[in-house]
Protein chains: 2
Amino acid sequence: MKAHGTTATTATAAATVAAPDTEQAPSGRATNEVYERLRSAIVNGELRPNMPLIEADLSRALAVSRTPIRESLQRLSAEGVIAPRKRGFAVREFSAEEIQETYEVRAALESYGARLAAERASDAEIAAIAAIQTEREAEEQPTHQFRVETNRRFHAAIMAAARNKRLADCVFQFGQSYFNQRIARLMSEQDYQRNQADHRRIVAALKARDAGAAEAAMRTHIMHTFLTFQRVGSL
Amino acid sequence: MKAHGTTATTATAAATVAAPDTEQAPSGRATNEVYERLRSAIVNGELRPNMPLIEADLSRALAVSRTPIRESLQRLSAEGVIAPRKRGFAVREFSAEEIQETYEVRAALESYGARLAAERASDAEIAAIAAIQTEREAEEQPTHQFRVETNRRFHAAIMAAARNKRLADCVFQFGQSYFNQRIARLMSEQDYQRNQADHRRIVAALKARDAGAAEAAMRTHIMHTFLTFQRVGSL
DNA sequence: AAGCGAATTTTTGTATGCAATAATGTGTGT
DNA sequence: ACACACATTATTGCATACAAAAATTCGCTT
């Protein structure tokens with residue numbers, strides 16, 4: 001490919017990130033803007049794994065110099081979203097083993113969060129968690145969007161109730177991987193029903209203030225999601 | 001303070017990081033060199049919390065331009081070692097609550113690691129873990145250095161046996177904070193003996209392949225370290 | 001003195017330039 | 001056609017330059 005002056009049109013990383021030239025970053029930080037855009041593009045799967053991130057291309061696409069690009073890349077690399085290659089960086093690819101490892105870490109973190117929530121949550125917080133699940137159960141025509149969003153809120157509410165910001169941050173980080181969205185999209189109706197049952201068990205344990213049960217239920221729940229991944233095979 | 005030409009002598013961040021002008025980074029990557037030096041300076045407590053990191057100073061002290069400095073700062077920021085201020089970055093300070101939170105996360109991760117190790121380790125790995133603890137018990141005049149190092153090896157061996165690289169990386173990350181070294185230094189003989197007892201319990205659980213017991217023992221062990229911190233009060 | 005505001009200095013954020021190195025292409029001999 | 005040396009290009013890594021923003025100093029007024 002020959003770069004021809006202004007705007008590249010090939011299916012390269014830069015193409016999918018191009019800025020909608022409105023909203024032209026009046027808020028001082030170009031680096032943050034670039035960082036956010038790249039991260040969301042990667043998490044949403046717009047930038048495919050192993051796609052190399054060419055600084056000059058991104059620079060043109062996002063209309064900033066290479067400096068904020070390079071700083072964003074460092075940050076994304078530290079977060080494990082992209083990986084260093086011999087030359088520069090590429091969108092990180094996760095093997096099946098690495099995905100399993102990630103789910104195990106999430107299981108460790110979220111199950112401990114459930115335990116802490118059972119010990120520390122106020123009654124109001126537990127009621128709020130239960131309410132989210134009730135909302136899920138009540139919806140008769142749940143869209144994919146609805147399911148993802150209420151699920152996110154359910155888990156976030158539990159983490160908030162655990163009163164450990166660091167833990168919540170960690171869990172959030174681990175949710176920021178392209179394969180999560182993909183797995184969510186590939187979930188069958190049966191998977192969804194199993195998740196609902198898991199959620200009910202978690203709520204019950206929290207209401208009973210049974211830390212051990214909450215922890216175990218959450219652990220099982222997370223690993224169920226991993227089973228979904230295994231069933232659908234490679235992404 | 002007036003920067004006067006070449007070498008600053010005041011007690012600023014840059015002073016403590018200055019390169020020993022030998023070993024002049026023949027291996028291409030200046031950014032990595034800078035990153036490593038800053039991180040270790042912070043973790044070892046040479047750079048005190050809240051100390052602002054002035055790019056120009058660091059640049060002079062480490063004899064590189066501001067570019068690799070800034071890239072290192074992005075990385076350290078993503079890792080939570082430094083924190084953004086209104087202007088630039090400063091060494092991150094952890095409140096007592098944040099330290100507790102960190103220990104809770106470590107407890108979650110390492111206890112799950114112990115569980116996985118109990119399920120997955122080979123007999124040889126468990127023997128190796130036991131051997132490290134035996135070595136600890138055998139030493140009659142253990143220096144601080146010896147205690148820290150064997151402790152590190154003990155925990156690392158368990159994480160390796162858990163066969164989850166991501167988990168091991170996470171635990172390692174959480175160990176990279178200045179307060180860990182400080183707490184280790186403030187440990188009383190009684191604390192050390194309690195740790196030894198904890199380690200023995202963990203080894204016993206692993207030998208028995210009792211995942212639940214290994215998990216519980218490790219969790220208790222980590223939280224004991226947190227109790228040590230609480231006893232000595234503020235750092 | 002204390003408070004306030006403008007001028008000055010620091011320090012950062014972004015852009016650009018240049019040399020080094022990896023990647024790629026091209027030709028030649030076998 | 002294949003392998004290999006060599007030339008060319010693409011891309012990075014680091015340094016520098018410059019403008020904007022924040023912090024500081026200084027002088028003025030009260």
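Reminder, nothing fancy here: chain letters follow the sequence lines and each chain counts from 1. Any value given below was found using the heavy atoms of this structure, including those in side chains, with hydrogens, waters and symmetry copies removed. Bear in mind the structure is a predicted one, so any value in this text is a computation, not a measurement.
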Can you measure from CZ (B/R152) to CG (B/N180) and round to the nearest 0.5 angstrom?
-> 13.5 Å
Are any of B/S65's side-chain N or O atoms less than 4.0 Å away from OP1 or OP2 of D/dC14?
-> no
May I ask you to evaluate whether B/T31 reaches the phosphate of D/dC14, defined as a side-chain N or O under 4.0 Å from OP1 or OP2?
-> yes
Would you indicate which nucleotide in C/dT12, D/dG13, C/dA15 comes nearest to any side-chain atom of A/T67?
-> C/dA15
Lys/Arg cation over aromatic A/F154: A/R136, 6.0 Å, 45° cone | no
Distance in angstrom units between B/R29 CZ and C/dA20 P, rounded | 15 Å
May I have the distance from B/Y35 (atom OH) to D/dC14 (atom P), rounded to whole angstrom?
-> 16 Å
Does OP1 or OP2 of D/dG13 have a side-chain N or O of A/R70 closer than 4.0 Å?
-> yes
From CZ of A/F89 across to C1' of D/dA10 the rounded distance in Å is 18 Å
Taking atom types as modelled, find out whether A/N50 and A/R85 have a side-chain donor-acceptor pair closer than 3.5 angstrom.
-> yes
Nearest-angstrom distance from the residue atom CD of A/E55 to C1' of C/dA23 | 15 Å
Measure from CG on A/L73 to P on D/dG13 and round the result to the nearest Å.
-> 9 Å
Would B/R75 count as a cation-pi partner of B/Y35, with NZ or CZ less than 6.0 Å from the six-membered ring centre and within 45° of the ring normal?
-> yes
Find the distance B/L62:CG to D/dC14:P and express it as a whole number of Å.
-> 13 Å
Out of D/dT12, D/dA17, C/dA15, whichever nucleotide has its closest atom nearest the side chain of B/R66 = D/dA17
Take the protein atom CD1 of B/I69 and the nucleotide atom P of D/dT16, then report the distance between them rounded to whole Å.
-> 13 Å
Below 4.0 Å: OP1/OP2 of D/dA23 and any side-chain N or O of B/K86 | yes
With DNA chain C as reference, determine whether A/R87 or A/E71 sits nearer its 5' end, using the nearest nucleotide of each.
-> A/E71
Could you say whether A/V64 or B/A56 is positioned toward the 5' end of DNA chain C, judged by the nucleotide with the nearest heavy atom to each?
-> B/A56
To the nearest 0.5 Å, how far apart are CD in A/Q74 and OG in B/S77?
-> 12.0 Å
Checking all strands, does A/L53 fall into the base, sugar-phosphate, or nothing category for heavy-atom contacts under 4.0 angstrom?
-> sugar-phosphate
Atom-to-atom span, CZ of A/R60 to P of C/dT14 - whole angstrom = 20 Å
